[in-house]
Amino acid sequence: MKNEVILQSVSKSYDRIQAVRDVSLNIGGNEFFSILGPSGCGKTTLLRLVAGLESPDSGVISIGDRVVNNLPPHKREVGLVFQGTALFPHMNVFENIAFGLRMRSYPKGEIRERVMEVLRMMNMPPEIFAHKRVDQLSGGERQRVEIARSLVFEPRVLLLDEPLGPLDLKIRQKMQQELKRIQRMVGTTFIYVTHDQTEALIMSDRIAVMNRGEVLQVGTPEEIYSSPANKFVADFIGESNLIEGEVGEDGLFHIDGLPPIMVSDMDKNSGVRGRAFLCIRPEKISIYAEAEHDNSVSGIVLDKSYVGTHVVYRVEVGDRYVFTVYSNTSSRSFRLGERISLGWRSSDGVLVKG
Amino acid sequence: MAVSFGVILPSQSQIVRGEVFTLSYYQQALDPLFLKILARSLLLALSTTVACILIGYPAAYYIAFKGGRYKNLLLLLFILPLWVTFLLRGYALLTLLGPEGVLNSILLNLGLIREPLYMIYNEFAVLQGMVYGYLPFMILPLYASLEKVRKIYIEASRVMGASSLKAFWKITLPLSRPGLVAGSLLTFIPAAGEFIIPSFLGGPSEVYIGTMIYSAFISARNWNWGAALSMVYIVMILVGVLLYMKYSREELRI
Amino acid sequence: MRRLGDLALKVYVALVLAVLYIPLFAMAAASFNHGRSLLRWEGLSLEWYLRALTNDRILTALLNSFWVASAVSLLAVGLALLAAISVDKLSSRIRTSLHNIFYLSIIVPEIAEALTLAVFFISVNAPLGSATVVLGHLVWFPLVYVVLRARMAGLPPTYEEAARVLGASGFRTFFHVTLPLLGPGIVTGGLLIFTWSWDSFIKTQFTRGPGFETLPVYIWNAVGGRGRGLSPEVNAVATLSIIVSIVLAVLYSRYRSRL
C-alpha cells in the first residue's frame, strides 16, 4: 500500500503549551482515517499542520513522496473542510466550487464540467444549486458544497475538521453515510477529525486516538474497541466498566473485595504488570439469578433504565463497585434490589494500564 | 495623544523661533478673564450634556423597546441630522428663530406680534442650539446600549417581584450605562469647544473657548495664543476623559 | 394606564423629531420663497436655486468641496486598508498605542485639531491651499480604519485559510477573498469620511489658503458670524448640500446593514 501522508515525530507548541507531542503516523492511500479525541487534544492542530496552516516545531511531514514542511498551503494539493462553514459568502455555489480550479488556471469549459460533475456526485442537481447563494443553503447542503469545493481539484488528501459538528443528529447520520459513499467513490484518502467516538467507529477504516497532544493508539475500529491500549482509550471509546486491581504472580487479576478474576488472553495483556485496570464492556456481561460463568461476581440491582434497544442495569458489586450492564430486552427482567450474579467470559476482559 | 502633542510641541518651538521658548502664553491662559471663559464653556458643555441625557433618554428608550416595526425608520430619522453639518444646522436655526426668521414671519403674518421677537443672541438661545445640535450624539449610543438590554432580564426581575419602576432603576438603567458614558463623552468633549452654534446664536458678550480659539487664529492671527488655548483645551479634555473613564470603568476600544 | 404612558412617550418622540427637523424644513421652505426677505412669503419659485447655480463663486466652492471629499475618501481608504491589514504584524503593545492614537484623532475636537494642523503647516512652511486642506482632512482616516477593523473582526480567519488550502497564493487570497469580503466596510468607511470632509468647515477654514473656498467656507463667509443676516442663495445651496448628505446617509445605512 502506497503511503500518502507520513508524519515523523511531529511536535508543535503554542506559548509553551504542547499541542502536538511527538506524533508519528502512516496514513495509507485511499483509507478513511479518523483522528479521535476530546476537545483540546491537539487533533485540529495536527490537521492544520498537514494542511500547512501551521508549521511544526520539529519532525517531518510528507505527502506522497514529497516532504512538505516548507510548502505553503496552496502548493500542498490537499483539501480542507472546515469546522463551521467557510464557504465564501460573496460567491455563489458554482463560484465557490470553481475557486480551486480557477486558482489552478483550468480552462473555462473544464471548470464548468467538473463543477457540474462534482455537484451531481454530491446529489445536488446543478440546475437547482449551481447559482444559489450560500445563505440560501441548509446546513447539510453547505457542508456538501464545502466538501465538493475541496474534492473538485482532486487533492491527494482530503482533511475534514469536524465537518458535521453543527448539524442535527438526523442530518448528521445521513451525512455520515454520504461521506463514506463519496470516499469510496473518489478513492481519495480522507483524514477526518472528530470528538464523536460513534462517528469515528462508524465511518473509519482506521482510527488514531489522541489525548493531550499524543497519539495513544492507532487501529481499526474493532481493534480500538476490543483491545484498548490504555485506560483513557477504554474509557473514551464506548462505555466500559473499569476496575482497578493488581496482576498477581498466579496469573489472576486481584481486586479488593472480589474473588480473583481470570483474564484468558494474558499474552495479549502480557505487557501489563502490577497495578492495572480491568476493562469489561457492558454488553459482554450477562445477568443471572445464580453464578454460572468463568468469572462471576454477585451484586444488587441499583437502578435500571429502558433505552429501547436494550435495558441498562447499574449493579452494585462488593459494596464498592458499580457495574454497568446492557441486557437484551427479551431476556428476563430483574427488580431493583434483587440479588443477582454477573458473569463474563475470561476472554472478554481486557487489562489496561492507567 | 501623540498626534496632538507630537504635532503641537515641535510646531510651537518652531513658531517661537528667533525668540526664546516661552510659557508666557500659558500664563496669559491662566488670566482670570480667560478662566472665566473656560468655566463658562465647561458649564455650557455640562448643561448641554445633562439636557441631552434628560431629553434623549426617553426617546432612545422608546426606539429600543417600543419601536416595533418602525424601529429602523425611527433610528434613521435620528441618525440623519448627524449627517448634516453643524454649520448648516446652526444656520437653519437662524432661519427659523432669527429676527427675520420664519417663525417671526409666521407670527407677524398671523398678527400675533407687531415687532419681531428677539429669540436669539442670548445664552439660553446658545444652550437651545447646543441641545438641538448634540441630541442625536446622545440618543444613538443610548439606543445602542438599551437595545442590548434583553427583555428577559426585565421580565425576570418583574417575575421576581420588582415593580416596573424598580425594574427600570435596577436593571435597565445600570445596563445602559455604557451608552450614557459614550453619549456624554461624545457630547461633552466637542460641546466644550463648540464654535459654530455660539457664533450663530450667541450675543456679543458670550465668548467661549471655541470662539476664542477661532478669533485668535483666524481674526487676530495670533497663532501662539491660539495654540496655547488649544493645548489648555486638549489637556483639559484628555484629563477629563481619562478620569471619567477611570471612574466609569469604560475603556477606549477599537 | 400603561397604554397611556406608551401614548405619551410616542407623542414625546414625535415632538423631539419635530424639533430636530423643523429648522431644516424652515430653511428649505425659505429657499423656495420668491422674495428676498423671509418675512413675507411671495410665492413658490426656483429663482434662488437658479441664481446660486449660476454664481461662479458658489459653483467653484461646490466643485472644490466635491473633489476634496473624493480625494480624501480615496486616499483615506487606501491608507486605512494598508494600516488595517498590516497592523496585525506589529507587536500587541505597539498596536494598542497605535489604536489609542487613532482613537484620539477621532475624539479630539475639530477646532483643536484644526489649529494644531494649521500651526504645523505654517511652521514647516507648507503653502496653505487645497493640498493642506486635503492633508488636514486625511487625518480623519482612522474613521475608515475603525470600520475596516470592525469588519475584519467579524470575519473568521477560516475564509482566508480556506482560500490558501484551495490553492490561492497570499496575493490572490487578498484580491479574491479578503478584499471583496471587506467591500461593505470599504464603502461605509469611504462614505463616512466623504461626509466628514464634505461637511468640514472649521478644519478647512484653518488649513485653507486665501481664495480657496469649499461650500461650507462659502456659506460661512456669506452668512456666518453675528448679525450677518440671511441669504436666500445660501438657503438654496444649503438645501442642496443637505440633500447630498441625506443621500450619503441612506447609502451608508444600506451598506452598513451588510456589515
Side-chain angles (χ1 to χ4, degrees), chain B residues 1-4 7-8 10-12 14-15 55 58-59 62-63 66 74 76-77 79-81 83-85 87-89 91-96 98 100-102 104-105 108 121 132 135-136 185 189-190 192-193 195-196 199 204 210 213-214 217-218 223 226-227 230 233-234 237 241 252 254, chain C residues 6 9-10 12-13 16-17 19-20 22-24 26-27 29-30 37-41 99-105 107-113 115-120 122-123 146 149 195 199 201-202 205-206 216 219-220 223-226 229-230 234-235 238 241-242 245-246 248-249 253:
Chain B
M1 199 124 109
V3 159
S4 46
V7 172
I8 205 155
S11 57
Q12 284 210 329
Q14 286 271 348
I15 277 197
I55 298 173
Y62 181 84
I63 311 171
K66 318 263 175 189
L74 279 171
L76 186 68
L77 285 175
I79 291 174
L80 272 181
W83 288 73
V84 177
T85 165
L87 180 67
L88 294 183
R89 297 180 70 204
Y91 177 66
L93 276 180
L94 194 67
T95 36
L96 180 71
E100 299 170 35
V102 173
N104 268 321
S105 113
L108 283 171
Y121 304 139
Y132 168 74
L135 193 57
L185 289 177
I189 296 172
F195 157 71
I196 287 168
S199 54
I213 294 176
Y214 185 89
F217 189 80
I218 297 292
W223 301 324
S230 293
Y233 176 33
I234 291 177
I237 291 293
V241 169
L252 285 182
I254 291 197
Chain C
D6 280 3
L9 209 52
K10 199 178 271 183
Y12 174 80
V13 169
V16 172
L17 276 176
V19 167
L20 282 179
I22 281 174
L24 297 176
M27 180 177 77
S37 165
L38 288 181
L39 287 179
R40 239 190 354 265
W41 179 255
H99 281 175
N100 284 340
I101 292 171
F102 284 179
Y103 203 92
L104 277 163
S105 77
I107 64 166
V108 162
E110 190 178 358
I111 197 159
E113 205 184 345
L115 186 118
T116 311
L117 281 165
V119 169
F120 172 74
I122 292 165
S123 64
V146 170
R149 288 296 288 184
T195 313
D199 282 348
F201 161 64
I202 293 174
Q205 175 78 327
F206 277 59
I219 292 174
W220 174 263
V223 296
R226 207 159 285 114
L230 309 169
V234 168
N235 287 340
S241 173
I242 288 175
S245 297
I246 287 174
L248 289 171
S253 67

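Keep in mind that the numbers below use all heavy atoms, side chains included, and drop hydrogens, waters and symmetry copies. Please read these numbers as outputs of a predicted model, since none were measured by experiment. Throughout, protein chains are lettered first and strands after them, A, B, ... in sequence-line order, and every chain is numbered starting at 1.
- The residue among B:Pro190, B:Pro81, B:Ala192 with the most heavy atom pairs within less than 4.5 Å of chain C is B:Pro81.
- Interface residue B:Phe195: only side-chain heavy atoms are found under 4.5 Å from chain C.
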What do the steps show when you test B:Tyr62 against C:Tyr12 for ring-ring contact (aromatic ring centres under 6.0 Å, His included), and what is the final call? CA-CA 9 Å; B:Tyr62 181 84; C:Tyr12 174 80; 9.3 Å; no
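- Going from atom CG of C:Leu117 over to atom CD of C:Glu110 covers 10.0 Å, rounded to the nearest 0.5 Å.
- Proximity to chain B (any heavy atom under 4.5 Å) is shown, for C:Gln205, by both the backbone and the side chain.
- Side chain of B:Tyr233 to main chain of C:Ala112: no donor-acceptor pair is present (N/O by atom type, distance under 3.5 Å, no hydrogens or angles).
- The OG1 atom of C:Thr195 lies 4.0 Å from the CH2 atom of B:Trp83; values are rounded to the nearest 0.5 Å.
- Here C:Leu17 is the residue among C:Ile202, C:Val19, C:Ile246, C:Leu17 with the most heavy-atom pairs under 4.5 Å with chain B.
- Heavy atoms of B:Ile196 lying under 4.5 Å from chain C belong exclusively to its side chain.
- Heavy atoms closer than 4.5 Å to chain C are found in both the backbone and the side chain of B:Leu93.
- Proximity to chain C (any heavy atom under 4.5 Å) is shown, for B:Leu77, by both the backbone and the side chain.
- Contact detail for C:Ile111 and B:Gly210: the closest heavy-atom pair is CD1-O, 3.2 Å.
- Residues B:Leu96 and C:Pro23 come closest through the heavy atom pair CD2-CG, 4.0 Å.
- When heavy atoms are compared at a cutoff of 4.5 Å, B:Ile63 does not approach chain C at all.
- Side chains of C:Asp199 and C:Ser245 form a contact here, defined as non-hydrogen atoms less than 4.5 Å apart.
- Of the residues considered (C:Ile242, C:Val234, C:Leu20), C:Leu20 shows the highest number of contacts with chain B, using heavy-atom pairs under 4.5 Å.
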